[in-house]
Amino acid sequence: MIVQGRFLQRLAEFIAIVCLLTQRHVVCDGGFNARCINSEADALLLFKGGLKDPSNRLSSWAKGKDCCQWKGVECNTTTGHVISLNLHCANSLDKLQGELISLLDLPYLSTLNLSGNDFMQYEVPAFIGSMKNLRHLDLSNANFKGKLLYENLVNLSRLESLDLSGKGNSLKMNDLKWLHGFSSLTSLDLSEVDLSSNANDWFLYIGMLPSLVTLRLSSCELHILPHSLPEGKFDSLVTLDLSFNYFTGTIPDWLFENCLKLQHLDLSNNQLQGSIPDSIVKLTSLVTLDLSYNELFGSIPSTLSQNRPGTNPCLKELHLSNNQLNGSLERSLVQLPELVVLDLAQNKFESNITEAHLANLKGLRVLDLSFNHIRLNVSKNWVPPFQLEIIGLGNCQLGPQFPKWIQTQKKLSHIDISKAGISDTVPDWFWDLSPSIEYLNLSSNFLRGCGHDFSQKFKIDTLDLSNNNFSCALPHLPPNTRILNLAKNSFYGNMSRVCEVLGVNNSLGLVDLSSNNLSGDIPDCWTYGKQMVVLDLAHNNFSGSIPDSVGSLTSLNTLTMDRNNLSGKIPDSLKGCHGLIVLTLGSNRFWGTIPSWIGVEMQMLKLLALSMNWFEGNIPTTLCLLKSLSFLDLSQNRLTGAIPSCVFDTMATEYSESFVYDPYITYLEHLSLAWKGRQVNFGNSRILPYLKLIDLSSNLLTEGIPIQVTKLVGLVAFNLSRNQLSGSIPSGIGELIHLESLDLSRNQFSCAIPTTMARLSFLALLDLSHNHLSGKIPFGTQLQSFDMSSYEGNPHLCGLPLTQNCPTHNSFEEMHCNDREGNIYNESDGKHDEDKKVDLEIYALFRSFGVGFFTGFWLFWGSLFIIKSWRYAYFLFLDDINRWIYVTIFVALAKLQRKFHILVFNT
């Protein structure tokens with residue numbers, strides 16, 4: 001001990017001498033901790049000066065104080081040089097903001113972590129490429145933007161870990177050649193970096209990294225997943241994440257030949273096909289496997305679940321959801337005893353799972369078998385061997401009794417037992433489950449009873465009790481709720497309990513109380529709903545007017561209040577809902593004109609439904625400003641005037657948006673239209689994102705069908721019935737190749753049915769009855785498949801399916817009305833009708849001239865040359881004929897001239 005003490009003392013003396021001789025500006029404390037170097041402290045203060053620090057995180061950074069004691073700064077305990085700067089931010093309220101100031105005066109810096117901050121879309125500064133001593137660089141989720149050039153990274157060859165990932169950045173790399181020579185790199189995360197320029201050869205450059213242990217290239221716009229690699233590539237990998245790319249084809253064999261050390265493999269959210277290879281058994285160290293959201297089929301490989309030496313006894317997380325996998329699960333469950341996470345949702349598995357199949361899963365924390373064909377067949381008093389945190393058994397058969405075993409689970413945060421065939425009263429103990437529950441979905445069962453008071457017991461973020469048999473007043477609701485869905489029950493009374501939540505929770509995003517028995521006025525409490533996206537109060541008994549505070553819901557994209565007893569005018573305050581995509585106020589008692597500001601203030605609208613109200617006046621032409629409009633229902637009102645043709649021009653705009661969550665699409669999935677006494681569902685249509693529907697029926701609209709409707713190639717349903725429309729059906733209607741339903745009944749349309757209608761091969765519903773149509777029904781498979789009621793009330797129509805046969809030649813009426821150009825005719829258009837009459841009279845006159853000439857030549861003039869005795873008599877007769885022709889022509893021309901003058905005068 002004495003010898004050891006003397007050694008330490010001499011070592012301390014030596015260090016002190018070195019400090020004095022080599023770095024006189026550094027103050028040593030006589031131990032192993034050196035004070036910060038002044039120049040480096042100044043560099044850090046300069047760095048701080050370029051940043052905004054709203055939460056005062058860097059308050060300890062003050063001149064005159066030892067920078068080695070500053071928050072996030074680490075120094076070498078011997079030399080005092082700054083070796084680590086870790087300003088990682090995990091809280092959005094604590095983000096540093098601004099532009100990075102050079103850190104080149106920290107020459108010994110080996111770790112730089114600026115992740116989670118906000119560098120306001122500046123480019124990654126060039127000086128980082130000169131910090132050759134860096135070993136760990138983390139700029140993830142820091143709101144950097146721009147291209148990362150070769151010179152930005154090529155000099156950082158000592159790096160051991162590099163993280164540029166995250167949606168918080170917007171970075172792009174044109175090449176990966178800089179990776180050559182990075183022999184020490186063990187961890188590389190380029191997730192969310194745009195590598196599309198390297199989509200075909202990324203694996204060649206990544207394969208140059210001999211020490212790589214962790215590789216994450218999620219959401220990098222990659223396309224090719226090679227099926228063969230040179231030996232030795234990726235053989236050190238422990239973690240491989242290639243999720244959210246565009247890989248197709250089958251899972252390559254090199255994953256199981258070269259990556260024998262893999263513990264975590266993530267290929268989720270691609271487009272991989274085929275089955276899961278049996279050779280996966282070679283990954284004997286595999287702990288996590290995620291192949292979810294692909295197009296895989298077949299069963300779970302038996303080799304994956306065989307509990308024998310050389311297989312996968314370590315597998316703890318198995319994610320295979322959202323594929324097309326099938327087969328039975330019983331054997332797999334028994335032979336994977338170490339599972340903690342089992343996620344097989346949204347597949348085609350068929351199993352009858354009993355207690356025995358789950359007996360070995362003692363460590364299970366997540367069980368998600370939702371939306372398969374699975375029955376959980378356990379005894380009433382079964383006590384599971386596990387304590388679940390997440391239960392996902394939606395669309396599994398659990399009922400008819402409420403599953404009592406859930407009472408034993410004390411750590412639950414997520415429960416989904418929707419569509420589970422449960423027909424029972426919710427037991428009282430269920431409402432007293434763990435207060436840590438954040439997600440609760442009991443929807444689409446036959447449940448009775450009500451939660452007594454959610455406000456004190458739960459911190460629920462999502463509460464879905466929709467489509468059950470709950471019958472009571474609205475309960476007190478959880479104060480932290482963001483998503484509230486109580487639709488399709490029998491809740492009654494007013495909705496003041498929602499206002500209670502709004503008073504303390506500004507993050508309420510979805511409220512769906514539709515299809516209940518709620519009544520009274522809609523409360524005027526929406527001022528604090530700044531985050532609300534969906535408000536659905538349809539199918540209730542609400543009365544009164546729309547409160548002005550609804551206009552405060554500036555984030556709202558869906559507002560549905562149809563089928564209530566609401567009245568009054570649409571309030572001008574709704575102008576504040578600029579982001580509305582769906583607006584449905586049908587089946588109420590709103591009156592007045594349709595506000596013109598709808599087309600000006602709500603230009604994102606895709607669905608506008610104001611049917612079955614008391615609106616009057618013209619259809620406002622400002623609706624033509626709705627460039628995204630796809631569904632227009634103004635039926636069963638008192639609208640007058642012509643249909644604005646520009647509305648059809650607007651709706652003809654091609655749909656060009658990417659298919660993401662869209663409340664318009666969500667609404668259409670449940671849409672059904674009343675048609676001839678039955679409901680027709682368009683929600684499963686093959687062209688759902690492109691659907692265009694127009695219903696202007698049962699109004700007082702006049703004039704004709706604008707020809708612009710023929711540009712609406714995506715039109716699926718078109719209803720103009722029960723108006724006062726006239727003219728002909730545009731011949732271009734055959735261009736509407738996606739049309740599934742067409743109702744023009746009970747108007748005053750005339751002329752022939754356009755022959756182009758025979759092209760409408762998807763037409764399932766047709767009603768042209770009670771008009772003035774004439775001629776032959778065009779021959780086509782679709783048009784002859786409808787019954788006679790589709791054509792009744794048109795006495796001049798003929799041909800199948802009608803019993804009235806058509807004449808051999810076209811009738812005069814059909815010839816008179818047939819419009820080859822698809823023009824709009826109106827009965828009040830006198831000029832057009834007079835022109836047609838004049839043309840017919842001139843045609844008849846010249847035809848009689850031709851007959852007279854033929855007869856005169858062969859019978860009269862020929863006889864004059866043959867029989868002399870007749871010649872004198874013929875000349876006398878001819879003289880009489882000439883006099884008669886002269887008088888006839890004079891009278892006819894005078895009559896024609898008189899009509900012409902009348903026509904010009906009227907024009």
Side-chain angles (χ1 to χ4, degrees), residues 538 558-560 562-563 580-587 594 598-599 602 604-613 615 619 623-624 626-637 639 643-655 657 659 662-676 678-699 701 705-706 708-723 725 729-730 733 735-745 757 760-767:
T558 301
L559 176 61
T560 61
D562 48 296
R563 301 197 185 187
L580 274 182
I581 295 175
V582 173
L583 175 61
T584 66
L585 302 175
S587 300
I594 296 175
I598 288 180
M602 298 179 176
M604 294 179 66
L605 271 181
K606 291 186 178 182
L607 189 153
L608 177 61
L610 305 177
S611 61
M612 298 181 70
N613 280 288
F615 292 114
I619 299 173
L623 296 185
C624 302
L626 301 176
K627 302 301 182 183
S628 299
L629 192 63
S630 293
F631 184 111
L632 178 62
D633 187 357
L634 305 179
S635 63
Q636 300 188 59
N637 281 287
L639 301 174
I643 303 171
S645 60
C646 59
V647 171
F648 297 112
D649 283 329
T650 297
M651 294 183 69
T653 304
E654 290 295 325
Y655 183 93
E657 298 180 24
F659 189 79
D662 188 331
Y664 168 67
I665 302 299
T666 303
Y667 184 89
L668 286 183
E669 287 175 350
H670 306 287
L671 174 67
S672 61
L673 297 180
W675 190 276
K676 299 180 74 172
R678 59 191 177 110
Q679 293 295 117
V680 181
N681 191 303
F682 290 93
N684 296 320
S685 176
R686 64 200 172 284
I687 50 172
L688 190 61
Y690 311 97
L691 279 179
K692 296 181 187 293
L693 302 96
I694 298 173
D695 190 348
L696 305 178
S697 63
S698 299
N699 279 289
L701 300 173
I705 303 176
Q708 286 83 353
V709 73
T710 60
K711 300 177 183 179
L712 278 170
V713 178
L715 192 63
V716 172
F718 190 35
N719 191 347
L720 298 180
S721 64
R722 298 177 185 272
N723 277 288
L725 299 168
I729 301 173
I733 199 167
E735 300 300 320
L736 307 180
I737 56 175
H738 296 298
L739 202 62
E740 296 183 9
S741 60
L742 175 64
D743 190 348
L744 303 179
S745 64
M757 282 186 62
L760 302 178
S761 56
F762 293 120
L763 200 62
L765 300 166
L766 175 67
D767 194 348

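Considering Ile729, Asp767, Ile733 in turn, Ile733 is the only one that fulfils the side chain to side chain contact (heavy atoms under 4.5 Å, CB included) rule with Leu742.
For the side chain to side chain donor-acceptor pair (under 3.5 Å) test, residues two or more places apart in sequence or in another chain that qualify with Ser697 are Asp695. The side chain to side chain contact (heavy atoms under 4.5 Å, CB included) search around Ser761 returns none, not counting sequence neighbours. Considering only residues two or more places apart in sequence or on other chains, Met612 meets the side chain to side chain contact (heavy atoms under 4.5 Å, CB included) condition with Ser587, Gln636.
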### Task
Give the intermediate values and the outcome of side chain to side chain contact (heavy atoms under 4.5 Å, CB included) for residues Val716 and Phe762.
CA-CA 9 Å; Val716 172; Phe762 293 120; over 6 Å; no
#### Entry: Residues Leu744, Ile705; criterion side chain to side chain contact (heavy atoms under 4.5 Å, CB included); working and verdict
CA-CA 10 Å; Leu744 303 179; Ile705 303 176; 4.3 Å; yes
### Message
Set out, in order, the CA-CA distance, both residues' side-chain angles and the distance that settles side chain to side chain contact (heavy atoms under 4.5 Å, CB included) for Leu608 and Met602, then state yes or no.
### Response
CA-CA 10 Å; Leu608 177 61; Met602 298 179 176; over 6 Å; no
### Task
Kindly determine whether Leu701 and Leu720 satisfy side chain to side chain contact (heavy atoms under 4.5 Å, CB included), including the steps that lead there.
CA-CA 9 Å; Leu701 300 173; Leu720 298 180; 5.6 Å; no
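When all heavy atoms of Ile598 and Leu605 are compared, the closest pair comes out as CG2-CD1, 3.7 Å. Asn613 approaches Ser611 most closely through the heavy-atom pair ND2-O, 3.0 Å. Across all non-hydrogen atoms, the minimal contact from Pro706 to Ile643 is CG-O, 3.6 Å.
Lys606 contributes atom NZ, which lies 11.0 Å from atom OG1 of Thr558 (distance to the nearest 0.5 angstrom). Note that OG of Ser635 is 12.5 Å distant from CD1 of Ile694, once rounded to the nearest 0.5 Å. Considering CG of Leu715 and CD of Glu735, their distance stands at 13.0 Å, rounded to 0.5 Å. To the nearest 0.5 Å, the span separating CG on Leu607 from CG on Asp633 amounts to 8.5 Å. Atom CG in Leu632 sits 7.0 Å away from atom CD1 in Ile619 (nearest 0.5 Å). A distance of 11.0 Å separates CG in Leu760 from OG in Ser741, rounded to the nearest 0.5 Å.
Counting heavy atoms from C-beta on, the side chains of Ile737 and Val713 come closer than 4.5 Å. Val709 is listed as a side-chain neighbour of Phe718, based on a closest heavy-atom distance under 4.5 Å.
Judged purely by atom type and a 3.5 angstrom limit, Asn637 has no side-chain atom pairing as donor or acceptor with the backbone of Leu639. No donor-acceptor pair closer than 3.5 Å links the side chain of Asp649 to the backbone N or O of Gln708.
The closest side-chain donor-acceptor pair between Asp562 and Thr560, if any, does not fall under 3.5 angstrom.
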